[in-house]
Amino acid sequence: MHDIKLVRANPAAFDAALARRGAPPAAAEALRLDDLRIEAIRITQAAQTTRNELSRQIGAAMKRGDTQEAERLKAEVKAAVDAAAAATPEVHEAARDAILAALPNVLDEAVPEGLDETANVVLHTHGAPANFAFTPKQHFELGEAFGMDFANAAKLAGTRFTILRGPLARLERALGQWMLNLHTEQHGYTEVSVPLLVNDATLYGTGQLPKFSEDSFRTTDGRWLIPTAEVPLTNLVRGEILAESALPMRLTALSACFRSEAGSAGRDTRGMLRQHQFQKVELVSICLPQDSEAEHERMTACAERVLTDLGLTWRRIVLSAGDTGFGAAKTYDLEVWLPGQQAWREISSCSNCRDFQARRMDARFRPAGGKGTEFLHTLNGSGVAVGRALIAVLETFQQADGSVLVPEVLRPWMGGVEMLHPG
RNA sequence: GGAGAGGUGGCGGAGUGGUCGAUCGCGUCGGUCUCGAAAACCGAAGUAGGUGCAAGCCUACCGUGGGUUCGAAUCCCACCCUCUCCGCCA
């Protein structure tokens, strides 16, 4: 949600910010509605002042038993009451906010220009795609031998679901547990167990509503399955006024994530790369405005640490203007190299949302020594997607005979097993 | 799911139709006192919107949304949440 005051202060700059994302100008219409709102407020408040004064007189008149005077005043107050009812500032405010709530965040100046992913910029690469002495298989080809089961998943739930059994089920659990411990024990994050079902206000707070309702699953009682733990974690501060001493607040959660849009693109139909349900370790930071840029770098480094410790090949890219998500001012994607697929694929996305979500959530802090309140900054990042990490591990550490080497850091979670053998 | 009770300012807790944005207590902040601290005493302090150069003035907000009324924290309706008991259950 944008600050109408900033729009008013510089409408041209606001429209220019939208143009970077390829969105049409909106300042003029928002300001027109805000003008109507202010005019209606003036009328309403003037009428209320009159009504309040006359009401006081009515009360005084009745107290001294002057019913005739009271009745006369009642007739007089009617005009003010009608005038207050006729002016509808809340209608104009709702119309204004409907526009503002559907507009994406203003981008960081450092975000590269461009309207799609072709304009993304690779910042650095860790490791290099390895040469295999054999033709590396894709994860679903490897997985079959380990009981990666798409047929039964389809029977139980439909397409875009996967069933894992035995060592792969354990490997998924190992990845999640290990990542969670890494972030809580070494990166200063606090583990949180969150609801997987949330209400409208929560989904609105992080920006999924009102514009992207079709991307999430809705329950029959009006709740939503979370598309990411970012939603419940970030909304923990919704409506709160925090003390500076509580910041930064670093939260992490391992959760299932549910995405209804996952199948609509018709891409990645084979395998478990793009699913309606997947596990993810999420990182969320709530911090002071002046700290969010550094926090963004820190958070991304925490996610990178996961990939490095697993022994994966990865690179960091900064998303272009047009590819940056709705609520983000700046986003780094981490892409992992998949030898079987011979491609870089997204495994983490770390975004600085600045005060965009905080405004929607009304999440503020009280500056130490200062007066009043200011909006917090919020950041979120995957640390990392567990399902995709599983894919990357399978494809990266596969052997010629179809067995898979277990990354050292995961072995304590795998009962000490060093090599997974099919069958 | 059934029955009952209740949601008021950071917390506790008054207030049941007429200057109530709200008595009071605790906590917080500033001051007096003190070598310093405690105690005591004095004082300050909600959020948002409108208006003004400013001091200030005005409006709204007592779980949320409606309604009744000249006037609602107070009455009515719906919803949300909390607590107690019963039932059910991992």
Side-chain angles (χ1 to χ4, degrees), chain A residues 1-9 30-101 193-205 209-210 218-224 232 235-247 249 255-256 355 358-376:
Chain A
M1 173 69 92
H2 297 280
D3 185 356
I4 189 66
K5 287 176 183 168
L6 293 180
V7 179
R8 193 171 284 284
L31 289 176
R32 186 185 73 80
L33 291 165
D34 197 51
D35 288 340
L36 291 174
R37 178 186 71 91
I38 290 173
E39 181 55 26
I41 283 176
R42 286 198 185 111
I43 293 170
T44 304
Q45 293 190 349
Q48 284 169 335
T49 304
T50 303
R51 182 205 64 193
N52 290 347
E53 176 51 35
L54 290 175
S55 289
R56 264 191 283 271
Q57 292 179 24
I58 291 171
M62 290 182 71
K63 215 164 220 170
R64 65 175 183 266
D66 190 347
T67 49
Q68 199 177 346
E69 173 67 0
E71 287 308 315
R72 191 189 67 74
L73 287 166
K74 280 189 192 180
E76 192 181 333
V77 80
K78 190 172 187 311
V81 171
D82 290 347
T88 53
E90 70 282 357
V91 170
H92 297 118
E93 183 172 352
R96 180 199 71 182
D97 289 348
I99 288 177
L100 293 178
S193 174
V194 296
L196 304 182
L197 289 171
V198 298
N199 57 27
D200 287 343
T202 301
L203 217 54
Y204 175 85
L209 290 181
R218 189 164 163 87
T219 63
T220 53
D221 69 348
R223 284 177 244 269
W224 302 84
N235 274 277
L236 283 173
V237 298
R238 192 176 85 224
E240 301 290 325
I241 300 176
L242 304 180
E244 251 196 65
S245 57
L247 305 170
M249 188 182 287
S255 85
D355 65 0
R359 287 182 184 284
R360 299 171 84 93
M361 296 189 298
D362 194 24
R364 293 165 290 165
F365 70 97
R366 216 177 283 285
K371 266 204 104 178
T373 60
E374 287 180 45
F375 288 109
L376 293 159

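Note that these values count all heavy atoms, side chains included, but never hydrogens, waters or copies made by symmetry. So that the names make sense, note that chain A is the first sequence line, chain B the second, and so on, each numbered from 1.
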Within the supplied structure, the quantity of interest is the number of heavy atoms (other residues, nucleotides, ligands) at a distance under 6.0 Å from Arg223(A) CZ; does it exceed 12?
no
Whole-Å distance, Arg56(A) CZ to A72(B) P, equals 12 Å
Here the distance between atom P of U59(B) and atom CD of Glu93(A), to the nearest Å, is 19 Å
Rounded to whole Å, CZ of Arg51(A) lies from P of G71(B) at a distance of 6 Å
Ranking Leu73(A) and Lys63(A) by the position along RNA chain B of their nearest nucleotide, the one closer to 5' is Lys63(A)
Per the 3.5 Å Watson-Crick/G-U criterion and a run length of at least three, the stems involving RNA chain B are B:1-7 with B:80-86, B:10-12 with B:24-26, B:28-32 with B:40-44, B:46-51 with B:56-61, B:63-67 with B:75-79
With rounding to whole Å, what would you report as the distance between A54(B) and G6(B) at their P atoms? 48 Å
Taken to the nearest whole Å, CD/Glu90(A) to C1'/U64(B) is 16 Å
- prompt: When you compare U28(B) with A38(B), how far apart are their P atoms, in angstrom units rounded to a whole number?
  reply: 10 Å
Met62(A) atom CE is separated from U19(B) atom P, nearest whole Å, by 14 Å
Filtered N/O pairs between nucleotides 45-49 of chain B and protein, under 3.5 Å:
| unit_1 | atom_1 | unit_2 | atom_2 | d |
| --- | --- | --- | --- | --- |
| U47(B) | OP1 | Arg366(A) | NH1 | 3.2 |
| U47(B) | O3' | Arg364(A) | NH1 | 2.8 |
| A48(B) | OP1 | Arg364(A) | NH1 | 2.9 |
| A48(B) | OP1 | Thr373(A) | OG1 | 3.0 |
| G49(B) | N2 | Gln45(A) | OE1 | 3.2 |
| G49(B) | N2 | Gln45(A) | NE2 | 3.1 |

Looking only at heavy atoms, the pair that brings Ala80(A) and Ala47(A) closest together is O-CB, 3.4 Å
*Nearest-Å distance once atom P is located in both G66(B) and C11(B)*: 25 Å
When Gly59(A) and Val81(A) are each assigned the nearest nucleotide of RNA chain B, the 5'-most assignment goes to Gly59(A)
Closest non-hydrogen contact found for Ile241(A) with Arg366(A) is CG2-NH2, 3.7 Å
### Task
Using a heavy-atom cut-off of under 4.0 Å over every strand shown, decide if Asn199(A) touches base, sugar-phosphate, or nothing.
nothing
Minimal heavy-atom distance between Ala70(A) and Ile58(A), with the atoms involved, is O-CG1, 4.2 Å
Between G9(B) and A14(B), how far apart are the P atoms? Round to whole Å, please. 13 Å
C70(B) versus U19(B) - spacing of their C1' atoms, nearest Å
15 Å
To the nearest angstrom, the CD-C1' distance between Glu240(A) and G10(B) comes to 12 Å
Practice task
Determine, for Asp200(A) against Arg218(A), whether the closest basic-nitrogen to carboxylate-oxygen distance falls under 4.0 angstrom.
Solution key: yes
query = If we take the P atom in both A22(B) and A60(B), what is their distance in whole Å?
reply = 13 Å
Quiz item: Which whole number of Å gives the distance between the C1' atom of G27(B) and that of G18(B)?
Solution: 33 Å
Rounded to whole Å, the CG-P distance (Leu54(A) to U59(B)) equals 12 Å
Ile58(A) atom CD1 is separated from G71(B) atom P, nearest whole Å, by 8 Å
Q. Considering only the C1' atoms, how many Å lie between G63(B) and U59(B), rounded to the nearest integer?
A. 22 Å
Quick one: do Arg37(A) and Asp34(A) make a salt bridge, cutoff under 4.0 Å? yes
Hey, is Arg360(A) close enough to Asp97(A) for a salt bridge, meaning N to O under 4.0 Å?
-> no
Rounding to 0.5 Å, atoms CG (Leu73(A)) and CD (Gln68(A)) come to a distance of 11.0 Å
